[in-house]
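I have placed the structure first, in the form of structure tokens, so that the comments after it can refer back to it.
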Protein chains: 2
Amino acid sequence: MPLSTAAQPAAPPLKLSAWLPYRLFIVAAQIARPLEIFYGERFGLSQAGWRILATIAERTGASASEIGRACALDPFAVSRGIGQLVELGFARRTTAKADRRFASVTITPKGQQAFGEIATLGRAIEARLLASLSGDERSRIDAAVDKLEGESARIEQGGWRSLLERATS
Amino acid sequence: MPLSTAAQPAAPPLKLSAWLPYRLFIVAAQIARPLEIFYGERFGLSQAGWRILATIAERTGASASEIGRACALDPFAVSRGIGQLVELGFARRTTAKADRRFASVTITPKGQQAFGEIATLGRAIEARLLASLSGDERSRIDAAVDKLEGESARIEQGGWRSLLERATS
DNA sequence: CATAATGCTTGCGTTATGCAAGTATATGAC
DNA sequence: GTCATATACTTGCATAACGCAAGCATTATG
């Protein structure tokens with residue numbers, strides 16, 4: 001047993017290319033790129049715009065806060081994204097009848113058309129990704145990403161302070 | 001059998017929350033957040049700055065283009081990131097003796113110290129993530145992410161045009 | 001009915017990104 | 001040598017994204 005001056009068990013040096021968060025980030029960024037370029041130059045959509053479009057394609061008439069929850073955007077980004085969609089003629093913004101503080105964002109036919117085009121590319125990207133995996137790996141990845149979604153949400157929620165607390169729990 | 005007007009096999013509507021690229025993006029973003037906040041407010045580092053610091057911590061004396069390759073940054077971002085590290089006293093920039101067009105970026109003790117602090121948090125984050133998975137899942141995720149890295153790189157390389165080509169190979 | 005809370009929007013300063021152009025060095029043709 | 005070209009990196013600037021304070025309209029509360 002090494003007479004340790006510090007109690008740390010010789011932390012490995014964190015090689016970026018082997019560090020899971022970095023690797024996931026790279027994969028996500030590389031995948032997202034072609035789609036962003038496509039909807040950017042084809043429709044002048046921002047990332048927020050695309051996400052909101054996808055959200056209201058699935059659930060038209062959603063309020064801004066529902067949209068924000070559904071696609072992980074803060075209220076500012078949602079408001080601006082909706083504005084963009086309205087300008088492009090992809091969405092209409094009205095107020096909900098029940099509670100007039102809430103917006104009601106509905107997709108237009110033109111918006112559905114655009115969504116359809118982008119979704120085609122999106123499905124192609126996903127298909128290419130899944131094609132590189134075996135059927136077995138696909139279901140496992142699915143389950144693992146489920147867990148990672150949950151755990152990463154908790155990590156973000158806790159913030160860095162709770163991550164550096166050594167003695168607790 | 002539905003008399004289909006179009007020959008398409010009824011594409012599923014692309015639900016954002018079930019679409020693998022989006023899910024990976026969310027995981028990556030949620031994980032990255034606490035670390036970014038940490039090195040941002042603790043050292044005034046940008047994301048590029050952090051990545052470059054991690055790169056030269058591993059391979060001090062690297063050139064700008066080597067750094068760019070190692071951490072997926074374009075030359076502009078690398079140059080500015082190095083500038084930031086130099087300003088913070090985390091790195092020194094000299095020219096390589098062999099070919100004076102190449103930079104040689106070395107990490108300083110202060111930079112190593114900062115890197116150590118950030119790496120501690122980085123390891124904690126990775127540990128939390130891995131703790132949510134079984135040992136079996138970890139190795140499978142590792143292998144799957146390997147494949148996804150490769151395939152997503154090819155996808156990005158090809159661009160959206162090659163993804164929408166239906167008839168070809 | 002005054003106060004507070006909620007949902008959303010706008011304005012504005014800061015920061016990041018993308019790209020043209022520039023500098024410095026090295027290489028190859030003649 | 002020296003002139004054109006290529007390479008490695010840097011800088012400047014225009015544009016876009018982000019973060020947040022403050023605002024408006026509407027509804028809930030005491």
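The model shown is predicted, which means the values in this text are computed figures rather than measured ones. Naming convention: chains lettered A, B, ... in sequence-line order (proteins, then strands); numbering from 1 in each chain.
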By the 4.0 Å heavy-atom rule, please label Ser63(A) as base, sugar-phosphate, or nothing.
sugar-phosphate
Within this structure, what is the CD-to-P distance between Glu36(B) and dA17(D), rounded to whole angstrom?
18 Å
Interatomic distance, Glu87(B) CD vs dT10(D) P [rounded to whole Å]:
13 Å
I need the CZ-C1' distance between Phe102(B) and dT25(C), as an integer number of Å.
10 Å
Atom CG of Asp74(A) and atom P of dT6(C) are separated, to the nearest Å, by 18 Å
Should we count CZ of Arg128(B) as having more than 12 external heavy atoms under 6.0 Å?
yes
Closest approach to the side chain of Phe76(A), judged atom by atom: which nucleotide of dT10(C), dG7(C), dC9(D) is it?
dT10(C)
5' precedence on DNA chain C between Ser65(A) and Arg33(A) (nearest-nucleotide basis)
Ser65(A)
Centroid separation under 6.0 Å, is that true for the rings of Phe90(A) and Phe115(A)?
no
Say you draw a straight line from CZ of Arg42(B) to CG of Leu35(B); how long is it, rounded to the nearest 0.5 Å?
13.0 Å
Euclidean distance, atom CH2 of residue Trp50(B) to atom P of dT15(C) [Å, nearest integer]:
22 Å
More 5' along DNA chain D: Arg93(B) or Lys97(A), using each one's nearest nucleotide?
Arg93(B)
Kindly determine whether Arg138(B) and Asp142(B) satisfy salt bridge (Lys or Arg N to Asp or Glu O under 4.0 Å), including the steps that lead there.
CA-CA 6 Å; Arg138(B) 280 178 227 181; Asp142(B) 211 68; over 6 Å; no
Per Ala103(A) side chain, nearest of listed nucleotides dC9(D), dG18(C), dC8(C):
dC8(C)
Short side-chain N/O contact to dT26(D) OP1/OP2 from Arg100(A), under 4.0 Å:
yes
Could you give the CD-to-P distance, from Gln84(A) to dC8(C), as a whole number of Å?
19 Å
Atom CG of Leu45(B) and atom P of dT15(C): how far apart are they, to the nearest Å?
14 Å
To the nearest angstrom, how far is Arg69(A) atom CZ from dC8(C) atom C1'?
13 Å
To the nearest 0.5 Å, what is the distance between CD1 on Ile31(A) and CD on Glu151(B)?
9.5 Å
Give a yes/no answer on whether the side chain of Arg101(A) brings an N or O atom under 4.0 Å of OP1 or OP2 in dC24(D).
no
Would you indicate which nucleotide in dA8(D), dA20(C), dT10(C) comes nearest to any side-chain atom of Ser79(A)?
dT10(C)
Please determine whether any donor N or O and acceptor N or O are separated by less than 3.5 Å between the side chain of Arg80(B) and the base of dG12(D).
yes
